[in-house]
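Only a predicted model underlies this, so the values are computations on that prediction, with no experimental measurement involved. First listed ligand is number 1; within each ligand, the first listed atom is number 1.
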Amino acid sequence: MTAPFAWLRPWEAPEVTSWGRLPMCAVDRRHQAVCLDGEWRFQLLPSPEAAATDEWGSSYVPGAWTLQDTDDPPQYTNVQMPFPEFPPHVPAANPTGVYERAVDVPGEWAGRRIVLQVGAAESVLLVQVDGRPVGISKDSHLAAEFDLTDVVRAGARAVVRLTVVKWSDASHIEDQDQWWHGGITRSVLLYATDPLHLADVTVQARRSGELRVDCQVRGPLPEGWYVTGDLDGQLLAQDTEFDRANAEDERVSEFLGEARLLARVPDVRAWTAETPELYGLTVRLHRPDGTVADTSYHRVGFRDVEIVGRDLLINGERVFIRGVNRHDFHPLTGRTVSYDDMRADLVLLKRFGFNAIRTAHYPNDPALYDLADELGFYVVDEADIESHDHAHEIADDPRYLNAFVDRVSRMVLRDKNHPSVIIWSLGNESDYGANHDAAAGWVRRHDPTRPVQYEGAAKRGWADPEVASDIACPMYAPIEECVAHALSGKQTKPLIQCEYSHAMGNSNGTLADHWAAIEATPGLQGGFIWEFWDHGILQRVSDGRPAGRAGAGLYERGVAGPGHRWAYGGDFGEVPHDGAFIADGVVFPDRTPKPVLYEHREIAAPVRLECLRHEGPVIANHQHFRGLDWLTAEWQLSLADGRTLTAPAELPELRPGETAAVPLPFELPEGGGEAWLTLKVMTARDEPWAPRGTVVCLPQVRLRATPVQRTLPVADRTVEVDADGLLVHPLLIAAPTLSLWRAPTDNDELGGMADRWREWGLDAPVRKLVAVRRAGASVGVLAEYVCDAGVVRHEQVFTAVEGGIRVEESAQLPETLNDVARVGSVFETVAGLNLLEWFGPGPWESYPDRSAGAPVGHHALPVDELFTPYLRPQESGGRHGVRHFTLSAPDATGLAVELGRPSQISVTRYRAADLAAAAHHDELVPRAGCVVHIDAAHRGLGTASCGPDTSPAYLVPTGTHRWGWILRVL
Ligand code: IPT
């Protein structure tokens, strides 16, 4: 029951950001707290005005009630608000969860200060203890603390009621692109301190080894109190100058004590993302008799962040920011994430070459920052402000001014001591107004050691943000524009894209081109891929409800397990919703890596290989701060004839940026065709994020190029075609025909290509046989593929050659079919051919504009593992640049294909039309045989679902395409 708060209606009062809430600080009380997590009595009311009843169910804390079998399911919207009311108003139907439980306050807490901490509640929290109103808090992703000293009694039982109102004025500034939930999503704690306690501790640690620790104590202060500190056992010095100056300025008071501790650490081991060196700091508050009243622990990293000219420098180095945007997300528990989950996220990012995280779009769980300090990540810490749907109205609305400053300042107060945090972000997609400048002003005064960024501050164009942003941090700026800006002579701020390369479905085309430009262009420093997670929620197919906590252990690789699927927007019957736009991460909802991660790992490779003519390979150290001694390596030589040779490799001693020529590790064998040299680089010892022997990168150079296709003598046979001119072959149940279409990717759909292709009739052209000509061992078949927008002439010449059939094809695309999905052959095999072996890039999926991370070699995978189950079925499973492949049964029978030149192929259980017709994987029925595509040209993937399409170089041109292949029976 919210009666005590009813007159205030805090859910429609943006001026009210809190009441009775303690100031945020960087003193972490988790270790000394009683945890109140677990089942709480719970009831869901239809509105905050409704009275609670005696009918209690239960709900697990921390957790969203939207994922716990209530009738209020999750809802996904991106920009649009889920309700039509204008800010600060909300609908009358406003789910309100009432959580209640009894708490036994420990008897030994008598005389101490007792504090309740609610880790996170969406979106308004109302606190009552034994029926008395205690506090209010907004700001859904930061903790709220309330002083209960005068409300509870040590040794007695108290009833804590936490009422959480789902929709509020704050929802209008929490309009991030994510699922809407309601509930208490982080832990609830109760702790006690001495009445005299450390109110805050602020650490500044420079790479010079200078350490400054500012301590605040809130009184009433007895005479003679003092603070000490030690860094890994070494006592810190008191800054007596500071005390004297404070006294002279009469800044000392009886209820706010300040003390400063100093140290200079000789030969300090500096903190960077590559070298996350941490020291342990303990700060103690002493009573006049020397006994310890309070203790605060911190991990300290010595490092500098500065902007010099247009470069962001970490410890004086212009580092590349290889970042990702990360939400707190879990497919069973929503925004409630465990330490182990967060650690697994970061370990995975580390293994795939990422060094930076933007906490999109709110302060993440506190443990995330501990892990970033420890494992080594640069963090852009972002405040919980996104007013996307009403951005312009809110940015200058004085009623929201307090909320902006409150949210930004509370984030800074909580996270300021983390070395990982290098930049503060004022939020996301909220236009730009006075409210932002006010927040930026607060930050710059409070923490002059870090830059501030805000994408929306770029009102004069992304390259030129106004005062609220020290960094040009656009989203989805095309590569050419970035390069042009850096070369324009007008760049004044570092350029680090806050979002780029949108990972929705089968995507991230041109990522390697981005990075080639970034590394080659002074002024460009990287960016943050959008985003880490595909936010699919595990859903029971039987009743459409979220699996919730009960689903633990049920979900499997990529596609959800039996009876379950990955839900996206609309799957819970929500109106309005934004569909599959929520599935746009580099990992699946169960954290299985998508193929793009391998691409990223190679682009981010700390060790590179360049081939110097005559002198053998050159090894380069592409790190910023360390040598190669943490790595070990092995050489591999892959020859087109099937051989792979290996040899031990010795990595040279190289400082960052240095290169060294090393002898060619192999005598290159005569013959054997095309030859590729790979350096398999692995961790040399156990790292906190990878066991010894984990692959770090696979840089590769080509040592020898030779034409791929053999010339085979013509055989004394003919090739059989049927009355329609279609090839008759014992292993094919559908003969090779022309394919111009693919199951639209999310980029194809949202970028408008898919509609165009459908308009053209590319998905179902009508094949008309024009002529069949026989000449000796050859049969020529001419057909026309009639689309709504033009006719494609397609010629096939089948020739019986020794050991197989040579197929030579051509297709003439009229000007009206400019920019199709593919030009190539498609055929279907008999059942039982379940293993694909190929020579080309691999083993993971690759496409023309996403193939930098797949080393050329011999690869083998079961057909079912070739396919990548993107949440909404679409073109998937392609392999780029394949030279030859076999498709075989366990008894080694099957077919072999040699390609005239490296080509895009795919082997799956689905026709393009099967994939295009399905909204989820549980609707797909795999075919017994294989659907095989061999493409003369295949359109790049690009990122047009949000951002630039692929580059012109990766489009399929009109005119005549020719391709050839040899089909053999094994
Ligand atoms: C941008 C948002 O910041 C992010 O939250 C997400 O929605 C992303 O796009 C797309 O997935 S905003 C967009 C309108 C450019």
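In this pair, Trp844 and Tyr598 present their aromatic rings parallel. The plane angle is below 30°, not in the 30 to 60° band.
The residues Asp345 and Arg591 are annotated as salt-bridged, a charged nitrogen and a carboxylate oxygen being separated by less than 4.0 angstrom. Salt-bridge annotation for Lys594 and Glu845: absent, with no side-chain N of the basic residue lying under 4.0 Å from a carboxylate O of the acidic one. The residues Arg742 and Asp748 are annotated as salt-bridged, a charged nitrogen and a carboxylate oxygen being separated by less than 4.0 angstrom. Using a cutoff of 4.0 Å between basic side-chain nitrogens and carboxylate oxygens, Arg186 and Asp328 are scored as salt-bridged. A salt bridge does not link Lys459 with Asp464: none of the charged nitrogens is closer than 4.0 Å to a carboxylate oxygen.
With a 4.5 Å cut-off on side-chain heavy atoms, His327 and Tyr362 count as touching. Contact check for Phe404 versus Ile394: side-chain heavy atoms found under the 4.5 Å cut-off. Within the 4.5 Å cutoff, side-chain heavy atoms of Ile529 are placed close to those of Asn508.
Checked against a 3.5 angstrom limit, the closest N/O atoms of His502 and ligand 1 fall inside it. In terms of N/O distances under 3.5 Å, ligand 1 is not approached by His388.
Under the 4.0 angstrom criterion for non-hydrogen atoms, His361 is in contact with ligand 1.
Which parts of ligand 1 touch Asn428 is read off a 4.0 Å heavy-atom cut-off, strictly below it: atoms 2 (C), 3 (O), 5 (O). Heavy-atom contacts of Phe581 reach the following atoms of ligand 1: 10 (C), 11 (O) (cutoff under 4.0 Å). Atom numbering of ligand 1 starts at 1 in the shown order; those under 4.0 Å from a heavy atom of Cys946 are 9 (O), 10 (C), 15 (C). Interface atoms of ligand 1 facing Asp584, defined by a heavy-atom separation under 4.0 Å, are 11 (O). Taking every non-hydrogen atom of Asn78 and a distance limit under 4.0 Å, the qualifying atoms of ligand 1 come out as 7 (O).
Contacts with ligand 1 closer than 4.0 Å are made by no heavy atom of Glu531, backbone or side chain. Contacts between Met475 and ligand 1 below 4.0 angstrom, taking non-hydrogen atoms only, involve the side chain exclusively. At a 4.0 Å heavy-atom cut-off, ligand 1 does not touch Val79 at all. Under 4.0 Å from ligand 1, the heavy atoms of Glu499 that appear belong solely to its side chain.
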Applying side chain to side chain contact (heavy atoms under 4.5 Å, CB included), run through Phe354 and Phe532 and close with a yes or a no. CA-CA 11 Å; Phe354 290 86; Phe532 182 63; over 6 Å; no
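The shortest contact between atom 13 (C) of ligand 1 and any protein heavy atom is with Glu429 OE2, 3.8 Å. Scanning all protein heavy atoms for the shortest distance to atom 7 (O) of ligand 1 gives Asp177 OD2, 2.5 Å. Of all protein heavy atoms, the one closest to atom 8 (C) of ligand 1 is Tyr476 OH, 3.3 Å.
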